[in-house]
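See structure below.
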Amino acid sequence: MKFYIATDHAGYALKEFVKDYVTSKGHQIIDLGPDSADRVDYPDFAKKCANSVISDNGSFGILICGTGIGISISANKIKGIRAALCHDAYTASMTRAHNNANILCFGERVVGKGVIENMIDAFCDTPFEGGRHAGRVSKIEDCSMGSNLD
Ligand code: RB5
């Protein structure tokens, strides 16, 4: 699999660890920054990663901030992105199986390295189930096209 990774300053300390782990599993990972632990705004890096995933068909992303919340909310504003904030192997596996997630998000202040390895394994090893989930995933796109009043 091919991944793009980006963080904010509160996720920066995990970036090299995640890159090494993903590479050790035989996947490719492209670092979109930041290049230091200086304070940055997570929407800027969410956007970089989300745009890369959208422009590179079949690729995936990993986004890390302090909680994983801000960076996942931001990435999900980009059309075609399904960025899942995960906390364990179960959520990482289910978001591939049911949501066809294309970006794995987590919080550096929330999960430890062992859990991160398990999440990456689960995300990589679980295919999208399709079937009844395919229609629901296409309705996710519909959600961004109008109000919720109908
Ligand atoms: C940065 O302090 C922090 O707010 C950010 O990393 C993230 O947790 C926001 O959702």
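Atoms within each ligand, like the ligands themselves, are counted from 1 in listed order. These numbers come from the heavy atoms of this one structure, side chains and all, not from hydrogens, waters or symmetry mates. All values derive from a computational prediction rather than experimental measurement.
A donor and an acceptor atom, one from each side chain of Asp88 and Thr91, are located under 3.5 Å apart. Checking Asn99 against Thr95 by side-chain atom types alone, a donor-acceptor pair falls below 3.5 Å.
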Starting from the C-alpha separation in whole Å, work towards a yes-or-no answer on side-chain contact (heavy atoms from CB on, under 4.5 Å) for Leu14 and Lys113. CA-CA 8 Å; Leu14 278 175; Lys113 289 182 175 174; 4.1 Å; yes
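The atoms of ligand 1 that sit less than 4.0 Å from any heavy atom of Gly70 are 9 (C), 10 (O). Near Gly66, the atoms of ligand 1 lying under 4.0 angstrom from a non-hydrogen atom of the residue are 5 (C), 6 (O), 7 (C), 8 (O). Those atoms of ligand 1 that come under 4.0 Å of a heavy atom in His9, given as number and element, are 1 (C), 2 (O).
At a 4.0 Å heavy-atom cut-off, ligand 1 touches Ala10 through the side chain alone. When non-hydrogen atoms are compared, ligand 1 lies under 4.0 Å from the backbone of Thr67 as well as from its side chain.
Looking only at protein heavy atoms, the nearest one to atom 6 (O) of ligand 1 is Asp8 OD2, 2.6 Å. Looking only at heavy atoms of the protein, atom 3 (C) of ligand 1 is closest to Arg109 NH1, 4.0 Å. Looking at atom 9 (C) of ligand 1, its nearest protein heavy atom turns out to be Tyr42 CE2, 3.5 Å.
Annotation: Phe17, atom CZ; neighbour count of heavy atoms from other residues, nucleotides and ligands within 6.0 Å is above 12.
Comparing Gly11, Cys65, Gly107 against atom 7 (C) of ligand 1, the shortest heavy-atom distance belongs to Cys65.
Using a 4.5 Å cut-off on side-chain heavy atoms (C-beta onward), Ile69 and Leu85 make contact.
The aromatic rings of Phe60 and Phe3 lie tilted to each other, with the angle between the two planes from 30° to 60°. Taking the six-membered ring where tryptophan is involved, the planes of His98 and His133 are essentially parallel, since the angle between them stays under 30° and well short of 60°.
Between Arg39 and ligand 1, no pair of N/O atoms sits closer than 3.5 Å.
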